[in-house]
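Reviewing the structure listed below.
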Amino acid sequence: MAMLQELKRYFSRTKAPEQKDAPDAYNIWAPEYDQQPDNLMLYLDEKVFGSLLAPIALTGKTVIDIGCGTGRHWKMLLQQQPAALIGYDVSDGMLSELRKKFPGAAVQLATDNRLSGVSDQSADVILSTLTVAHIENFREALTAWVRVLKKSGDMIITDFHPDILDRGGKRDFKARGQQIIIRNHVHPLPLLQTISSQLGMRTMKLVEMPIDETVRHFYEKQGALAVYEKYKGMPVIYGLHLKKP
């Protein structure tokens with residue numbers, strides 16, 4: 001009987017991970033999202049995004065950031081003095097954190113994939129980082145992005161690599177002692193490129209970064225070398241630079 005009670009206490013303390021859709025998950029994560037010094041994906045995203053953005057001049061341009069979150073990249077973007085920087089996100093909590101860092105920022109809660117209310121060919125540059133896998137109907141979303149992008153406009157997309165998501169990779173975090181997994185949708189890269197091509201976009205550059213020795217210390221620090229060995233050699237993040245003719 002004592003053993004049974006101990007087992008009940010154990011299982012009450014160790015709840016199974018909870019899976020949530022992006023809006024609910026990021027509302028929970030928002031207050032602590034920027035306090036992640038050892039987050040591998042944020043580190044790699046900054047490298048991939050920076051390399052793709054480098055040849056694109058933003059000065060005097062209208063930039064739309066889809067899935068802007070807490071504005072991780074906004075300091076760098078604003079240094080180029082765009083004419084306008086507009087952020088969209090599905091999480092009120094993430095937008096609230098962004099406004100704390102950038103008072104008066106132009107942001108809007110995204111309630112659909114269609115960028116409703118945004119005029120055709122009104123943006124020079126569209127950015128979307130670590131967001132695509134949260135969008136179930138990517139074709140609908142990309143159709144809207146292409147619609148609002150001006151001719152000769154640039155689009156940069158980064159995200160978790162679909163190959164690693166397909167192998168069981170997760171986007172998760174801990175809150176109030178419980179692991180929360182954010183629901184993802186796997187969009188294979190060839191499909192993403194096919195859809196973009198069908199919508200008239202040209203692929204200018206594709207970057208795929210693997211898990212290798214250069215990031216081993218991230219796993220080692222978190223005591224997750226078994227995970228490192230499981231996924232070593234696999235691409236963990238990708239970046240796409242697309243252009244509208």
Side-chain angles (χ1 to χ4, degrees), residues 33-34 42 44-91 94-135 138-159 192-193 195-207 209 237-245:
Y33 189 82
D34 287 334
L42 297 187
L44 291 177
D45 177 62
E46 187 171 348
K47 290 184 65 174
V48 172
F49 178 70
S51 69
L52 293 176
L53 185 68
I56 302 173
L58 301 183
T59 305
K61 294 184 177 180
T62 297
V63 180
I64 292 180
D65 185 5
I66 299 169
C68 60
T70 63
R72 288 182 299 110
H73 298 301
W74 277 39
K75 183 178 180 180
M76 174 176 60
L77 299 175
L78 290 170
Q79 285 175 347
Q80 291 201 44
Q81 298 183 325
L85 175 57
I86 307 155
Y88 286 82
D89 203 275
V90 297
S91 165
M94 298 291 271
L95 293 179
S96 177
E97 296 300 317
L98 185 151
R99 291 190 192 97
K100 291 177 185 178
K101 295 187 291 185
F102 305 99
V107 296
Q108 185 167 328
L109 186 68
T111 57
D112 59 39
N113 293 329
R114 297 183 292 276
L115 290 179
S116 303
V118 183
S119 301
D120 294 358
Q121 298 190 47
S122 58
D124 297 285
V125 179
I126 291 180
L127 312 172
S128 180
T129 60
L130 303 183
T131 296
V132 163
H134 293 321
I135 302 172
F138 178 71
R139 181 183 291 274
E140 180 182 59
L142 188 58
T143 299
W145 302 357
V146 173
R147 173 182 66 79
V148 305
L149 190 64
K150 294 179 183 179
K151 291 181 179 179
S152 300
D154 294 284
M155 185 183 298
I156 292 178
I157 297 171
T158 73
D159 204 4
L192 296 185
Q193 291 182 281
I195 292 173
S196 66
S197 177
Q198 290 171 346
L199 293 172
M201 300 294 287
R202 289 190 290 122
T203 297
M204 307 301 293
K205 189 174 183 179
L206 169 62
V207 177
M209 295 193 70
I237 191 171
Y238 74 90
L240 268 173
H241 174 198
L242 305 173
K243 195 168 187 70
K244 187 174 184 179

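These numbers were taken from a predicted model, which means no experiment stands behind them. In this chain, numbering begins with 1 at the start of the sequence shown.
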How close do [X] and [Y] get, counting heavy atoms only, and between which atoms?
X      : Y      : result
Thr70  : Asp34  : OG1-OD1, 2.7 Å
Ser196 : Thr203 : OG-OG1, 4.5 Å
Val118 : Arg147 : O-NH1, 2.7 Å
Pro245 : Gly200 : CD-O, 2.9 Å
Gln193 : Leu240 : NE2-CD2, 4.2 Å
Met201 : Leu242 : CE-CB, 3.7 Å

Return yes when atom NZ of Lys101 has more than 12 non-hydrogen atoms of other residues, nucleotides or ligands closer than 6.0 Å, and no otherwise.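 Check passes, neighbour count above 12.
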Taking the side chain as C-beta and beyond, is there a heavy-atom pair between [X] and [Y] under 4.5 Å?
X      : Y      : result
Tyr33  : Glu97  : no
Tyr238 : Val48  : no
Ile56  : Ile156 : yes

Solution key, residues 74-86 side-chain donor-acceptor pairs under 3.5 Å, sequence neighbours excluded:
unit_1: Trp74; atom_1: NE1; unit_2: Asp65; atom_2: OD2; d: 2.9
unit_1: Gln80; atom_1: OE1; unit_2: Leu58; atom_2: N; d: 3.0

Which distance, rounded to the nearest 0.5 Å, do you find between the [atom1] of [X] and the [atom2] of [Y]?
X      : Y      : atom1 : atom2 : answer
Ile157 : His241 : CD1   : NE2   : 10.5 Å
Leu192 : Arg139 : CG    : CZ    : 10.5 Å
Leu149 : Thr62  : CG    : OG1   : 11.0 Å

Less than 3.5 Å apart, which donor and acceptor atoms pair up between the side chains of residues 125-134 and the rest of the protein, not counting sequence neighbours?
unit_1: Ser128; atom_1: OG; unit_2: Ile66; atom_2: O; d: 3.3
unit_1: Thr129; atom_1: OG1; unit_2: Arg72; atom_2: NH2; d: 3.3
unit_1: Thr131; atom_1: OG1; unit_2: Thr129; atom_2: O; d: 2.9
unit_1: His134; atom_1: ND1; unit_2: Arg183; atom_2: O; d: 3.3
unit_1: His134; atom_1: ND1; unit_2: Asn184; atom_2: OD1; d: 3.4
unit_1: His134; atom_1: NE2; unit_2: Tyr26; atom_2: OH; d: 2.9

side-chain contact (heavy atoms from CB on, under 4.5 Å), that's the test. Do Lys150 and Lys244 meet it? Break it down for me. CA-CA 7 Å; Lys150 294 179 183 179; Lys244 187 174 184 179; over 6 Å; no
Looking at residues at least two apart in the chain, or sitting in another chain, which of them share a side chain to side chain contact (heavy atoms under 4.5 Å, CB included) with Glu140? Asn113, Arg114, Asn137
Could you give me the CA-CA distance, side-chain angles and deciding distance for Phe102 and Val107, then say whether side-chain contact (heavy atoms from CB on, under 4.5 Å) is met? CA-CA 10 Å; Phe102 305 99; Val107 296; over 6 Å; no
